[in-house]
2 protein chains.
Amino acid sequence: MNIKYIDIYETIKGDIASGKYKPGEKLPSENDYCKIFSTSRGTVRKALEMLSEEGLVNSLHGKGAFVLDSNLITFSFGGLVSFKEASENSNRDFITSIHMFEELTIDEELSKVTKLPKGSTVYKIYRIRELNGEKIILDINYFLKEAVYNLTKEIAKQSIYEYIEKTLNTKIGFAKRVIKVEAATLKDKENLNMKSYNFVVVVKNYVYLSNGIQFEYTESRHRPDRFEFVDFARRR
Amino acid sequence: MNIKYIDIYETIKGDIASGKYKPGEKLPSENDYCKIFSTSRGTVRKALEMLSEEGLVNSLHGKGAFVLDSNLITFSFGGLVSFKEASENSNRDFITSIHMFEELTIDEELSKVTKLPKGSTVYKIYRIRELNGEKIILDINYFLKEAVYNLTKEIAKQSIYEYIEKTLNTKIGFAKRVIKVEAATLKDKENLNMKSYNFVVVVKNYVYLSNGIQFEYTESRHRPDRFEFVDFARRR
DNA sequence: CGGCATTTGTTCGTATGTATC
DNA sequence: AGATACATACGAACAAATGCC
């Protein structure tokens, strides 16, 4: 609402999504947009830059900005989305069930894994993501209690990020993510429909508030055949 | 050289790398930098935004910009780097060997896989990446001949991207990347030291010139135990 | 608590450079 | 050559968050 370039960004993004502008098509020029939104060029450029970073448009010096073929941003983790948002984007019907919800204190060993401070209290949650009746993702979350106060099972069933951002009004800043392959644990085999696979793809998320404090560590353990990570990058 | 905000970006990045500013430390304010580089605030802000996007610094409203603990940007593919650059960054001694170098024409079937236009001529290259005497990555490249003219085995042994950008002076724009797990093929087993693994992690790269034309498709097939993907994302 | 200085965030207007057509 | 379009740069003003006195 407040911020003009966000409005413009969302408007243009909506226009692309709705098919008003199709892949390959040229968008109105920056000066056109200045008139359309009655704003300055700097503001228009900021909106277009965001679209460019996301891989929705490509700006060419002297020619214009063109809509890219955005066939698949589906299930993209690029840009730090929570699970609910990701599944909405990709139009898949995931069902989430909670298999553990407890408080505990981070000890030496757990601190090494989670990078959360030793001695702090966290909510530990197991969530299982089910698609078409198959359990394919096991999420193991650790949330700092002091940052995500009064978290409940009910909230965890919905979207924890929505709770943090909308209800608690806390700003999430950034995340580091590591993807690797690991041998399946007993827990994986108990909780997922592993077929004959004996390994999982693990996505480790270290998530920080905008003030720079880490408040979450999450391991998403995926059955390998259903794992897919899509990414877009510009050359720097 | 030419572009001021790039200079500033690189200078500050160097200062962080050299340890002049340490993790957690506050950088000079934007106005300080204006004086230091005798430039305008907009230019300084552009440089700082780039560092922020990369996860090197975190700017806080009303407080300042702080150096993040960048313990691991090692072997990050985030930001579209070629293999040589990646291995330089991570200080590992990869050895590259060429196991195939040929020209061929993209047919219907291959077009579906590579997304390159049917009927176009490409260089097809197999490259094997060896680390500590173990063959762990098989790269299968397809480069559009019209975009990467006169590519030779010698160049491929070095860095193809360096050739494209410095020698041909062609601008690379962006890439889409998909990571998934696939069963190991006979080729994987022939060319890699697969131990007892019967699957590989596959990174598919669809790379475009800045004019929006796709000029490369590459499959990087990794032995699963040595695969790691590191990423940084800001909340939008 | 208010008031003030500092710092980052947003917006505007303008000018100039450079690529494309 | 001239018009159009994006890229870079400068300067100015105000908003909003923070910290200090």
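The analysis underlying the following values was restricted to heavy atoms, covering all of them including side chains, and did not include hydrogens, waters or symmetry mates. For clarity, every value in this text was computed on a predicted model and none was experimentally measured.
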Please work out if Gly64(B) contacts a base, only the sugar-phosphate, or nothing of the nucleic acid, heavy-atom cut-off 4.0 Å. sugar-phosphate
With a cut-off of 6.0 Å (strictly less than), are more than 12 heavy atoms of other residues, nucleotides or ligands near CD of Glu25(A)? yes
Quick check: on DNA chain C, is the nucleotide nearest Ser59(B) upstream (toward 5') of the one nearest Lys171(B), or the reverse? Name the residue that is more 5'. Ser59(B)
What about the rings of Phe215(A) and Tyr208(A), do their centers lie closer together than 6.0 Å? no
Measure the distance from OH on Tyr33(B) to P on dA9(D) and round it to the nearest whole Å. 17 Å
Do any side-chain nitrogens or oxygens of Thr39(B) fall under 4.0 Å of OP1 or OP2 in dC10(D)? yes
Taking the minimum atom-to-atom distance to the side chain of His61(A), which one of dT11(C), dA17(D), dT18(C) wins? dT18(C)
Protein-nucleotide distance (Asn31(A), atom CG; dA7(D), atom P), rounded to Å: 12 Å
Selection from dA15(D), dT10(C), dC6(D) that lies nearest to any side-chain heavy atom of Glu30(A): dC6(D)
Arg177(A) side chain to Phe232(B) backbone, donor-acceptor under 3.5 Å: no
Is it true that atom CD of Glu109(A) has more than 12 heavy atoms of other residues, nucleotides or ligands lying nearer than 6.0 Å? no
Between Tyr5(A) and dT10(C), is there a contact of a side-chain N or O with OP1 or OP2 at under 4.0 Å? yes
Examine dG9(C): is either OP1 or OP2 under 4.0 Å from a nitrogen or oxygen in the side chain of Arg45(B)? Give yes or no. yes
Comparing nearest nucleotides in DNA chain D, the 5'-proximal residue of the pair Lys46(B), Arg41(B) is Lys46(B)
Measure CZ/Phe37(A) against C1'/dC12(C) and give the value in whole Å, please. 17 Å
Using ring centroids (six-membered ring only for Trp), state whether Phe101(A) and Tyr123(A) fall under 6.0 Å. yes
Spacing between Asn211(A) atom CG and dG19(D) atom C1', to the nearest angstrom: 16 Å
Distance below 4.0 Å between Lys4(B) side-chain N/O and dC10(D) OP1 or OP2: yes
Under 4.0 angstrom, heavy atoms only, what part of the nucleic acid is Leu60(B) near: base, sugar-phosphate, or nothing? sugar-phosphate
Should Lys63(B) be listed as having a side-chain N or O under 4.0 Å from OP1 or OP2 of dG19(D)? yes
Atom CD of Glu49(A) and atom C1' of dC6(D) are separated, to the nearest Å, by 11 Å
